[in-house]
Number of protein chains: 2
Amino acid sequence: MPKDGERGAGGRVTLQTLADHLGVSRTTVSNAYSRPDQLTAKLRRRILKAAEELGYPGPHPAARSLRRGRAGAIGLVLTETLPYAFGDPYAVNFLQGIAAATEPAGVGLLLLPLSREDTTAEAITGAAVDGFCLFSLPDGHPALTAVLRRRLPVIVVDEPRSAGLPYVGIDDRAAFRSATEHVLDLGHRRIAVAAYRVRFDGHDGWADSARQAGATFPATRERLAGAREACGRAGVDWGSVPVTESAPNEHESGLRAGRRLLGLDPRPTAIVAMSDVLAFGVLEAARELGLRVPENVSVVGFDDVAAAAAADLTTIRQSGKEKAATAARYLLIGEGPESVLLPHELVVRGSTGPPA
Amino acid sequence: MPKDGERGAGGRVTLQTLADHLGVSRTTVSNAYSRPDQLTAKLRRRILKAAEELGYPGPHPAARSLRRGRAGAIGLVLTETLPYAFGDPYAVNFLQGIAAATEPAGVGLLLLPLSREDTTAEAITGAAVDGFCLFSLPDGHPALTAVLRRRLPVIVVDEPRSAGLPYVGIDDRAAFRSATEHVLDLGHRRIAVAAYRVRFDGHDGWADSARQAGATFPATRERLAGAREACGRAGVDWGSVPVTESAPNEHESGLRAGRRLLGLDPRPTAIVAMSDVLAFGVLEAARELGLRVPENVSVVGFDDVAAAAAADLTTIRQSGKEKAATAARYLLIGEGPESVLLPHELVVRGSTGPPA
DNA sequence: TTGTATGCGTTATCAG
DNA sequence: CTGATAACGCATACAA
């Protein structure tokens, strides 16, 4: 009466093959891998040795995962395509933070970039993970639907804020307000804003009030609101403040933004940017035009990435790593409040000063 | 005669729940997801709608993977801990290249950093992937054993070269030889080498000939051999060439290397580094000492990362992206020769010149 | 300490 | 176009 174990010979090597070969039960072999305390060390060695000889690759991950109900990995959903994300220092900071948490926990990190919508949804649907971390997604992005459908633990970093999901970020409105106030306090009146993406359409150019109102990136929306509040308090007409929008978050984008802004007449005396990387581009634009910083133009960044200190850039400090650590802790051990706002801080350096 | 389908009510929502609810067979529901052409669009819509209502999250990835025999992801084994790897521009270039290939293919990218040996081996053993890409692993690292055990397609990038596995890299010996020849041709005779890691032990300091001989990183070994060859041809005694070793590949390491080398008496007039990042550190050390480049000291890098052009650094160009693309192609569609050496090229910029 | 029976949720095959 | 059946490889409760 051959049980199903007998078929082993022809196909691949499984637990059963090994058990048959050794004349023990499947359970024992399984235990050798998953519960070493359930058998003698000697028998275990014998089993592992036979496995080596027969070429048994160890428990099949999918089978084990199916049976155990856990995948042993978390999925990281990123706004941008991976090739780009790896180039963004703020995103990289965040990745480093996530990795620092998953790694010692022996939990895998599955990257799920949002490239084409179809393939992304499919990737999310099929991802063998125990939870998702959403990093900087615009409101209403289809990936969110796909993630929600999976009914797994989810945490949102930065955006979207709308979904009623556990959330970790900063008070973007207050942060950008303080950046704006900084230059207003220095006496600047002709200021301009170099915004990060307002909507998920790759637009690169002016963001008029209509576009600002239709922002689908909550962080951008909040930051603009913060700038408006600061202007209101200082008696500066928000309607007269030029706002330019850039995506993706890279040097070239900032350079274009800087050229646009610094080409205005009258020229702004201070530019508040929504990322350090954009600010670096603005600084280069200033250099191109022979403008001195901060004598001719003050520049404020956002994030305080490593290069900001080297570039002597005034900026708002926030910690991508800290966000990541918080998010990971939640996903890995379900710990922490459902939502948390991390601190931010204005770091004043040499790129800002009073107007000439 | 209730079949097992009837249990649906109490537990989670599966294909069967849905099938029972709709009065169709499991197969039909499965087809709605996996083979849309096997049923009418109308029925399919009805099924998908019911799924939405009942909260069916779609086919369980582990179950599907088990049944299909494919995981839909590839594993990337990295030498360094992730937090570090994301900070290394060469590694990031490589990651970008890998992502550029996996992403459109709808294949997941599972990151498997080598942190503690135990957890790494476990992660590799349990990784739900269809193949592995090994990036810059030292000879004899235990992770290699773990990967081999899985009996899945594997490709090696850069290192190790010893394993007889499909391989993609460059001719490290020739590349570093040409870097060394470049400064020798300029007339330098007191040269020094800022090597990348020689062994996987985190050593940071001088690498004497014994240590060089025991190199477990083949690329480093090859490059040193290339330098020696160049010296031999130019009549420079290799034994008199100081070699310092640095890890990890980051600015600080290069700075330390630079201080060590430039603190020698007599001071080298040319330093050949095994990465641009190390070279940047050396440049900073030179600046610290008030040395002018290339008047007082010439510096050569390796990799030609983006920042090299900005820093006007003479370097060896190799393409991490190209390597990645080749590796991914192999893993994804089994295409390409088993092993391939990609081209490299000396890029002469302003950081090298004749000795004073 | 070891073995037996069962089902995790899916899809391929093949018959209707 | 639809439905029944049989694995996929494993881990667990339970019995021995």
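So you know, we letter chains A, B, ... as the sequences are listed, proteins then strands, and number each from 1.
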> So what is the end-to-end bend of the helix from C:dT1-D:dA16 to C:dG16-D:dC1, with 5 pairs used at each end and the value given to 10 degrees?
Replying inline: 30°
> With A:N93, which residues qualify under side-chain hydrogen bond (donor to acceptor under 3.5 Å, both in side chains), at least two apart?
Replying inline: none
> How does each nucleotide of nucleotides 10-16 of chain C score, in 5' to 3' order, for protein heavy atoms under 4.0 Å: base (B), sugar-phosphate only (S), or none (-)?
Replying inline: BBBB---
> With B:F94, which residues qualify under ring-ring contact (aromatic ring centres under 6.0 Å, His included), at least two apart?
Replying inline: B:F135
> Can you name the side-chain hydrogen bond (donor to acceptor under 3.5 Å, both in side chains) partners of B:Y90, sequence neighbours left out?
Replying inline: B:D158, B:K323
>> Show every salt bridge (Lys or Arg N to Asp or Glu O under 4.0 Å) that has at least one partner inside residues 141-151 of chain A, sequence neighbours left out.
In response: A:R149-B:E52
> Going from CD1 on A:I98 to NZ on A:K321, what distance comes out if it is rounded to the nearest 0.5 angstrom?
Replying inline: 13.0 Å
>> Tell me every residue that passes ring-ring contact (aromatic ring centres under 6.0 Å, His included) with B:F217, counting only those two or more places apart in sequence or in another chain.
In response: none
> Among pairs that include at least one residue of residues 123-139 of chain B, which meet salt bridge (Lys or Arg N to Asp or Glu O under 4.0 Å), considering only residues two or more places apart or in two chains?
Replying inline: B:D139-B:R221
>> Distance check needed: C:dG9 P versus A:R70 CZ, whole Å only.
In response: 15 Å
> Once you round it to whole Å, what is the distance between P of D:dC8 and CG of B:D130?
Replying inline: 18 Å
> Which salt bridge (Lys or Arg N to Asp or Glu O under 4.0 Å) pairs, counting each pair once, include a residue from residues 40-50 of chain B, with sequence neighbours left out?
Replying inline: B:K49-B:E53
>> Below 4.0 angstrom, which residues in residues 38-49 of chain B have at least one non-hydrogen atom near DNA chain D?
In response: B:Q38, B:L39, B:T40, B:L43
> Restricting to pairs with a member in residues 56-75 of chain A, which pass side chain to side chain donor-acceptor pair (under 3.5 Å), not counting sequence neighbours?
Replying inline: A:S34-A:R64
> Considering residues at least two apart in sequence or located in another chain, which fulfil the side-chain contact (heavy atoms from CB on, under 4.5 Å) criterion with B:S25?
Replying inline: B:T27, B:T28
> More 5' along DNA chain D: B:L66 or B:G23, using each one's nearest nucleotide?
Replying inline: B:G23
